[in-house]
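Remarks on the structure that follows.
Atom set for the values below is all heavy atoms of this structure, side chains included, hydrogens, waters and symmetry mates excluded. Chain A is the first sequence line, chain B the second, and so forth, proteins listed ahead of strands; every chain is numbered from 1.
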Number of protein chains: 2
Amino acid sequence: MKNQLTHAIEDYLKAIYALSVEGEAASTTALAAELNIAPASVTGMLKRLAETTPPLVEYRKHRGANLTPDGERAALEVIRHHRLLETYLHQSLGFPWEDVHEEACRLEHVISEAFEERIDAVLGHPTHDPHGDPIPSPNLVMPQEASIPLSTLRPPQVTTIQRVNANDADLLRYLDEKSLVPGSKLEVRAFSPFDGNLTISIEGAEMVVGPAITHHIFVEEED
Amino acid sequence: MKNQLTHAIEDYLKAIYALSVEGEAASTTALAAELNIAPASVTGMLKRLAETTPPLVEYRKHRGANLTPDGERAALEVIRHHRLLETYLHQSLGFPWEDVHEEACRLEHVISEAFEERIDAVLGHPTHDPHGDPIPSPNLVMPQEASIPLSTLRPPQVTTIQRVNANDADLLRYLDEKSLVPGSKLEVRAFSPFDGNLTISIEGAEMVVGPAITHHIFVEEED
DNA sequence: ACACTAATTTAGGCAAGACTAAACTTTATT
DNA sequence: AATAAAGTTTAGTCTTGCCTAAATTAGTGT
């Protein structure tokens, strides 16, 4: 008997999950920014989420919110939907990389477990979405993976892109064009300490990328 | 600049479309029954729909509602989504016949035009959904088709099932089992004037079906 | 310890969409 | 034509989720 969560609530849970790294509580303002909602509205919703049965978040005034185990399970369910959908839209329906996020954001709240299972099967039980994010398992365990921002690498270094952390469609389109996608191998050739630019070589081509880009690209952790 | 319709509004438009056959207005109670909503709530919504810009329905007190051209276009868009989705869920994702309706009801409000186009293409631009209902064209013209209830046939007669008009999952599962699906050929062998039962032969097997079933099955019109 | 700022909460409102109960039309029946 | 039944509308209420403006709390530097 899982009670039916609204779209709005699912979005809150997803946002709290995303913002509470390392067990740190997600702040009201950070949530407001993430959700494009006024901070006051977030306060109101957090109170409600803390008083549902079962409670989905743990909330302390002025101290932000954490997910309860129930809340986390619900969040992971939505994230699993989201990432499976992104993968499906891209692989099976030929959606461009940069468009899958928005579409998945709407569909994730609406698909049934049967739908989830079908696309999971059709895709062959994928482990990562097109952006390289891990897909929680059917029993809702989030694989833990270590990766570091490309911006932290110093030459000389060879590595592989693991994950691209961006939702902006224009940026994603650009990255795709330059093969800056999960799985691509690249070599870090030079670093400019003044502006943080890296000179990298990828797919045989050499290019210079600034922090606005390298910050969003995550690569294998070093040995 | 198409204004964003809510989920609820799309359901109203769909229901009004379904109930206003032959230009007759859909009554408040009929809509309430169709939508599982109290009649009073329907009245309120109809008033709102008649006063939006542009108006989506034409509403006269105690006289029910009709769709305006704008409303009809919106309704057809949703119906196109619904029927394409049903077809897709069944053909491409292997959903059982009886489950596609419910899933499509939720997805229809949420998919983008890009999604619509992709599944339409993948399916090869289908003209009918799994229940035999025609799919409106991309420019939102509803194909007009003539078919008559199986219940009106009298032996001896050979015909083909065109359309199955039912949403109840149990009934659909039963019909599927007995091959009472669009495309099946059948022969009407006998008619009982007392209870309206028909004896038919389908796929080599003979069976007796009552009005509760024959009423939902539509076959080719006679020459 | 004090004051200033940034973050947060409270209070009060609003729109969408639904409900019930009561009042009122329309239609059907006699 | 009178009246009962059926269908519809009105009035008033509720919940969800959002908003703004004002009040409060926490955190920071002096």
Side-chain angles (χ1 to χ4, degrees), chain A residues 2-16 19-20 24-66 71 74-75 78 105-106 108-110, chain B residues 2-16 18-21 24-66 71 74-75 78 105-106 108-110:
Chain A
K2 46 172 57 182
N3 44 19
Q4 161 78 328
L5 305 178
T6 65
H7 296 194
I9 291 178
E10 291 182 343
D11 283 338
Y12 274 93
L13 298 179
K14 220 178 22 154
I16 296 169
L19 293 179
S20 44
E24 291 211 6
S27 78
T28 305
T29 5
L31 283 169
E34 178 91 3
L35 294 164
N36 274 306
I37 276 174
S41 309
V42 173
T43 302
M45 181 62 100
L46 290 181
K47 283 167 143 180
R48 275 179 45 210
L49 293 179
E51 279 160 20
T52 55
T53 42
L56 297 167
V57 315
E58 207 174 295
Y59 170 62
R60 290 163 53 212
K61 281 192 184 181
H62 297 99
R63 219 110 297 197
N66 277 111
V78 180
C105 270
R106 278 175 286 116
E108 66 190 2
H109 307 293
V110 146
Chain B
K2 48 172 54 182
N3 44 18
Q4 158 79 331
L5 304 179
T6 66
H7 205 185
I9 291 178
E10 291 183 343
D11 282 339
Y12 274 93
L13 298 179
K14 220 179 23 154
I16 297 168
L19 293 178
S20 44
V21 240
E24 291 212 5
S27 78
T28 305
T29 7
L31 283 169
E34 178 90 3
L35 294 164
N36 274 307
I37 276 174
S41 310
V42 174
T43 302
M45 180 62 101
L46 291 181
K47 283 167 142 180
R48 275 179 44 211
L49 293 180
E51 278 159 21
T52 55
T53 44
L56 297 167
V57 315
E58 207 176 295
Y59 170 62
R60 289 164 54 213
K61 280 192 183 177
H62 297 98
R63 220 110 294 201
N66 277 300
V78 180
C105 270
R106 277 174 286 116
E108 66 190 3
H109 307 292
V110 148

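- Closest approach to the B:P39 side chain among C:dT9, C:dT26, D:dT9 is made by D:dT9 (side chain taken as heavy atoms from C-beta onward).
- Rounded to a whole Å, the CG atom of A:L31 is 14 Å from the P atom of C:dA7.
- Distance CD (A:E51) to C1' (D:dT16): 15 Å, rounded to an integer number of Å.
- If you take CG of A:L49 and P of D:dG17, they are 9 Å apart, rounded to a whole angstrom.
- Remark: B:T52 engages B:L56 in a side-chain contact (heavy atoms from CB on, under 4.5 Å) (not counting sequence neighbours).
- Atom pair A:N36:CG and D:dG17:C1' shows a separation of 15 Å (rounding to whole Å applied).
- Distance, B:H62 NE2 to C:dA23 P: 15 Å, rounded to whole Å.
- Look at B:S27 and you won't find any side-chain N or O under 4.0 angstrom from OP1 or OP2 of D:dG7.
- Looking at heavy atoms from C-beta onward, A:E58 lies out of side-chain contact with A:L49 at the 4.5 angstrom threshold.
- B:H62 is linked by a ring pair (Phe, Tyr, Trp, His ring centres under 6.0 Å) to nothing, counting only residues two or more places apart in sequence or in another chain.
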Pairwise N/O distances under 3.5 Å, protein to nucleotides 10-17 of chain C:
unit_1: C:dT10; atom_1: OP1; unit_2: A:K61; atom_2: NZ; d: 2.5
unit_1: C:dT10; atom_1: OP2; unit_2: A:K47; atom_2: NZ; d: 2.3
unit_1: C:dG17; atom_1: OP1; unit_2: B:T6; atom_2: OG1; d: 2.5
unit_1: C:dG17; atom_1: OP2; unit_2: B:R48; atom_2: NH1; d: 3.2
unit_1: C:dG17; atom_1: OP2; unit_2: B:R48; atom_2: NH2; d: 2.3

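- In terms of the salt bridge (charged side-chain N to carboxylate O under 4.0 Å, His left out) criterion, B:R63 has no residue partners (sequence neighbours excluded).
- Residues satisfying the side-chain contact (heavy atoms from CB on, under 4.5 Å) criterion with A:A8, sequence neighbours excluded, are A:T6, A:M45.
- In this view, B:R48 satisfies the salt bridge (charged side-chain N to carboxylate O under 4.0 Å, His left out) rule with no residue, not counting sequence neighbours.
- Separating the CG atom of B:L46 from the P atom of D:dG7 is a distance of 16 Å, rounded to the nearest angstrom.
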